[in-house]
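Comments concern the structure below.
Naming convention: chains lettered A, B, ... in sequence-line order (proteins, then strands); numbering from 1 in each chain. Basis for what follows: all heavy atoms, side chains included, without hydrogens, waters or symmetry-related copies.
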Amino acid sequence: MPQENLAKAYMPLEVEPRWRARWEDGRVFSPELPAQGEPYSIVIPPPNITGNLHIGHAFNLTLQDVLCRHARQQGKTVLWVPGEDHAGIATQNVVERRLAAEKKSRHDLGREAFVQRVWRWKEEYGENIRRQIKAMGASVDWTRERFTMDEGLSRAVRRVFARLYKEGLIYKGDYIINWCPRCHTALADDEVEFTPRRGKIWHIRYPVDGENGFVIIATTRPETMLGDSAVAVHPEDERYRRLVGKKARLPLMDRLIPIIADSYVDREFGTGALKITPSHDPNDWKLGFKHKLDFIQVIDENGRMTAAAAAFAGLPKAEARERVLAELETLGLLEQSLDYEHNVGQCYRCQEVIEPHVSTQWFVAARTLAYKARAAVPDKTRIHPESWLKTYYNWLDNIRDWCISRQIWWGHRIPAWTCEDCGKLLVEEEAPAVCSHCGGRRLLQDEDVLDTWFSSALWPFSTLGWPGETPELRAFYPTSVLVTGFDILFFWVARMMMLGLHFMDEVPFREVYIHALVRDAEGKKMSKTLGNVIDPLEMITRYGTDSLRFTLTAFAAMGRDIKLSEERIEGYRHFMNKIWNAARFALMNLPEEGPVPALGQATAQGTHHQWILHRLEEMKTSTAAALREYRFNDAAQDLYKFVWNELCDWYLELIKPDMQAGGETRAQAQGVLLTALRETLILLHPIIPFVTAEIWTALPAFAGEKPPDPDLAKILYPPARPACLHPEAASRMRLIQAIIVAARTIRAELNLSPSLPLKAIIRPENQTKEKILEEHRALIARLARLESLSLDAAAQPPRLSASQVAEGNEIIVLLEGAVDTGAERARLDKELGKLEKERQMLEKKLSDRNYVEKAPAALVERDRQRVKELAAAGKKLRLVRNKFSE
RNA sequence: GGGCGGUUAGCUCAGUGGUAGAGCGCCGGCCUUACAAGCCGGUGGCCGCAGGUUCAAGUCCUGCACCGCCCACCA
């Protein structure tokens, strides 16, 4: 859709919808198999279906999209798989909250109806997520979208479960797990959040059997003492040594429990004596086995005291605590109670206090699987930035078996059946019709579902069609890179490594790029309750998708946090407009259809053309290198500077006279301009696809060229043009720029109106520079807004003139009109001060014999040269200044 | 308790041993026919503190202070 005119300002809301529609419906991003080019693949970290995408997703999507679009430019066959995660507990909780508003519970509906209800919810919110991924411009392949609970992935889950079970890597057993009494389910260790809470710690006297004395223990949870089966002290603790081997009489229960010694006990903490409750504390659980203690469960899964709690049976645990304390007080066994702040485990989904609870659960033998996952890094999978290596190793080295069963309804139901006739446990990929042991038909499926992360752990191969042997799996596994935040390095990345290696015998991704988390302007985590969320859709509406994407890309380097504020996005919107207007300028100066003379492999004549082409070559190399090394910020910021400070501020200004000149001069400028603009758009496109694609369609073709594809997303990266590398042109350009800036500075600092015509003389430093400056005399005059400019090595500055030295050349601006001589004298003094300061610094350095002898010779020579320059410049300026003092 | 970051301009942050950078802000001047979402010029830093290595340290090493994150969960 080439258009005659671009609007005066860039209007993203008018441009973006067209490209969105084209990119999501045209199957532009659906690779054909078998792959023509080198395969490149990414699987999306699937967003939860629980709500809206937040700015963190926008960031994550942007980086992946930059990589995918860039890979396509390199001619690779790119697959980016989109999808969503069913997010078991989180989603169930959301739907349950909705039901609660209708004064219903999931139990009112029953399992089947409830799950149906969640599916409906998923359909609604899944669409919401899709819309937002599309809004970001993400170049995913929608024909290959997956959901963690779709049929194919569910089959993969069952296959993995059944195989791991048969290999002995999944087992069922009693264990003390984290129990959420509200969600009524087990939680994995990393699903528990610890937050400091003010509470109390009580010192309680346990009478020593057969003596008058006591052993005093300290506890924050007195109600659990009803289930105590020992008291432990440190084996080298002199205070208690004589008590080890004796028994204590457990108050309230009148039970004799052994006093044991174990180096686990911290002598410094509390009283140095520890009550052991194997059924209600994870550490005591271990000691319980080690010392063959009794396991007495006194709190049930609803948080009530069991029959084992004798007189306290049936009480809620909080009430039991009160009663226990009251009775101890009465008995005179409560030594003291102290205020105490300690960490309390809470459910990461509902914030309920976690109860350590013994129950029968399913586990993955993670310790066995961790070995390969550890060994594969960094040789088979590289982690960027490398600083995360240690964290990754540390976690795998200390991994514990992974509790994967959850007592909720929304999720993959565990493929295990118990035969009611013979009691045998059957684990199968597909539901068995009869018991393989006794032929019985009464089979009862396990009620539990799997931890959400179990299916997520298979994502890199399950989304590609495993267990089928699909062309996708063949072409795209292992995936090229995983892009994710560090917050799920353990939840997700390490587990994908473990299961990917086990089932595919190959790592799930060649590289992992771990990016920062986006926080608000104060560095706080964005959360709905704090009300500090920045909604990506809102930003897109306000500033355009490209502005948001560019902002996020430019900030990608930051260590662990990005503090994002709306002003930054607004700031980068100006950049989009700048690009837009540069294009408008180009279109005004390019013929609508050819012939724009093609540049071909050659460079152009003229310093400014050679310079911009040289810089363009450098940008092509550096941008590709930056993206290859995941230096997103370098790519974005270098492009920003190039486009704004070089292409727009200088080059477009420099060719204005060429365009007016017409003829061959104009034609050549057109050729270079179109080349530079086209290739710059290609470099920018992975970061800001919309504005670049829109401009692309408006550009004319070169003479004799078959017009390029109108969709910039299909255009390849520009090949290097070695003939255009031209460092000498770049250095000539620096000289010209320095002279122009010097003239402008004089004008500005003397408060001379830009419209005031001025005359100037340049005293060139040497003949080489004289020649360059002479060649570009008209150009310099134009950009410095000089009425006339001459070169004269022997010129004597008249009394009323202002002067500045640039790269050794003195530019003298004649001040015939009324000029404030005081202001000029002040300006010169300031200038001289600067020169003098630098000269002194260098001379001090050069007078240091160590420096002269040990530093690289080139460096010393450079400094000496600079001192000479400074001295010459100072001399010239002083001459002028003295005239002003007369 | 273990580990990892951070501390650089008013703000947010880059910075690869060799004269300290960007964006935004601020000051002054401009509607100079691509862009006022703009142009030109300028101001602004004991690079957290103290040692050390080096001819040379914001950059490497040691210690300290403060801020933050992750892991562990000590009754």
Rounded to the Å, how far apart are A:L756 CG and B:rC40 C1'? 15 Å
Mind checking what makes side chain to side chain contact (heavy atoms under 4.5 Å, CB included) contact with A:E570, not counting sequence neighbours? A:Y543, A:R573
Under 4.0 Å between any heavy atoms, over every strand shown, what does A:R744 touch: base, sugar-phosphate, or nothing? Just pick one. sugar-phosphate
Between B:rG23, B:rG3, B:rG42, spot the one nearest the side chain of A:R568, thanks. B:rG23
Can you check the distance between B:rA14 and B:rG23, where both ends of the measurement are the C1' atom (answer in whole Å)? 10 Å
Whole Å only: how far is the OH atom of A:Y572 from the P atom of B:rG23? 9 Å
Mind pulling the stems RNA chain B is in, i.e. runs of at least three Watson-Crick or G-U pairs, everything under 3.5 Å? B:1-7 with B:65-71, B:10-13 with B:21-24, B:26-30 with B:38-42, B:48-52 with B:60-64
On RNA chain B, nearest-nucleotide positions of A:K834 versus A:A273: which is more 5'? A:K834
For B:rC70 versus B:rC64, give the span between their C1' atoms, rounded off to a whole number of Å. 23 Å
Taking CG from A:D397 and C1' from B:rG3, how many angstroms apart are they, rounded to a whole number? 13 Å
When we call it a touch if two heavy atoms are under 4.0 Å apart, what does A:W644 touch: a base, just sugar-phosphate, or nothing? sugar-phosphate
Scan nucleotides 27-34 of chain B against the protein and return all N/O pairs shorter than 3.5 Å with their distances rounded to 0.1 Å.
residue	atom	partner	partner atom	Å
B:rU32	O4'	A:R785	NH2	3.0
B:rU32	O2'	A:R785	NH2	3.3
B:rA34	OP1	A:K656	NZ	3.1
B:rA34	O2'	A:N581	OD1	2.7
B:rA34	O2'	A:R584	NH1	2.9
B:rA34	N6	A:C648	O	3.2
B:rA34	N6	A:E653	OE2	3.4
B:rA34	N3	A:N581	O	3.1
B:rA34	N3	A:A582	N	3.4

Using whole Å, report how far CZ of A:R782 lies from C1' of B:rC40. 15 Å
A:D281 CG to B:rA72 C1': how many Å, rounded? 14 Å
Examine distances only and state if a side-chain atom of A:E807 and a backbone atom of A:I739 form a donor-acceptor pair shorter than 3.5 Å. no
Taking the P atom in each of B:rG51 and B:rU43, what is the distance between them to the nearest angstrom? 33 Å
Atom pairs under 3.5 Å, N or O on each side, protein against nucleotides 15-21 of chain B: can you list them with distances?
residue	atom	partner	partner atom	Å
B:rU19	O2	A:E838	OE2	3.2
B:rU19	N3	A:E838	OE2	2.7

Below 30° counts as parallel, above 60° as perpendicular, anything between as tilted: where do the rings of A:W179 and A:H357 land? tilted
Give me each pair satisfying salt bridge (Lys or Arg N to Asp or Glu O under 4.0 Å) with a member in residues 633-644 of chain A, each pair once, sequence neighbours excluded. A:R631-A:D634
Assign A:R400 to base, sugar-phosphate, or nothing according to its heavy-atom contacts below 4.0 angstrom with the strands shown. sugar-phosphate
Taking all non-hydrogen atoms of both residues, which atom of A:A743 and which atom of A:A784 are closest, and how far apart? CB-CB, 3.7 Å
Is A:K275 close enough to B:rA75 that one of its side-chain N or O atoms is under 4.0 Å from OP1 or OP2 there? no
If I compare all heavy atoms of A:F690 with all of A:V15, which pair ends up nearest, and what's the gap? O-CG1, 4.2 Å
Mind checking the C1' distance from B:rG25 to B:rC31? Whole angstroms is fine. 23 Å
Can A:R374 be said to sit on top of A:Y393's aromatic six-ring, NZ or CZ under 6.0 Å from centre and within 45° of the ring axis? yes
B:rA56 and B:rU19: how far apart are their C1' atoms, nearest whole angstrom? 12 Å
If you compare every side-chain N and O of A:H574 against the phosphate oxygens of B:rG38 (OP1, OP2), does one of them come in below 4.0 Å? yes
Distance-only donor-acceptor check, side chains A:Q865 and A:E869, under 3.5 Å: no
Would you kindly give the CD1-to-P distance between A:I740 and B:rC39, to the nearest whole Å? 16 Å
Any base atoms under 4.0 Å from A:Y392, or only sugar-phosphate, or nothing? Heavy atoms, all strands. nothing
For the side chain of A:R495 and the backbone of A:F491, is there at least one donor-acceptor N/O pair under 3.5 Å apart? yes
Whole-Å distance between B:rC73 C1' and A:L274 CG? 13 Å
What integer number of Å spans the C1' atoms of B:rG6 and B:rC13? 12 Å
Using the P atom on both, measure B:rU59 against B:rG44 and round to a whole Å. 24 Å
Hey, what's the ring geometry for A:H384 with A:Y630, parallel, tilted or perpendicular (30° and 60° as the breaks)? tilted
A:L779 and A:P657 have their tightest heavy-atom pair at CD1-CG, 3.9 Å
What's A:N577 touching, base or sugar-phosphate or nothing? Going by heavy atoms closer than 4.0 Å. base
Look at the rings of A:H515 and A:F59 and say which category their plane angle falls in: under 30° parallel, 30 to 60° tilted, over 60° perpendicular. perpendicular
Just how far, in rounded Å, is P of B:rG3 from CH2 of A:W388? 16 Å
Listed once per pair and sorted, the salt bridge (Lys or Arg N to Asp or Glu O under 4.0 Å) pairs that draw on residues 547-557 of chain A, sequence neighbours left out: A:D65-A:R549
Does A:V852 reach a base, just sugar-phosphate, or nothing at all? Heavy atoms under 4.0 Å. nothing
Is any side-chain heavy atom of A:L756 less than 4.5 Å from a side-chain heavy atom of A:R747? yes
When the C1' atoms of B:rA22 and B:rU8 are considered, how many whole Å apart are they? 12 Å
Using a 4.0 Å heavy-atom cut-off across all strands, classify A:D284 as base, sugar-phosphate, or nothing. nothing
Between A:Y543 and B:rA37, does any side-chain N or O lie under 4.0 Å from OP1 or OP2? no
Starting at the 5' end of RNA chain B and moving along, which residue's nearest nucleotide shows up first, A:M11 or A:T219? A:M11
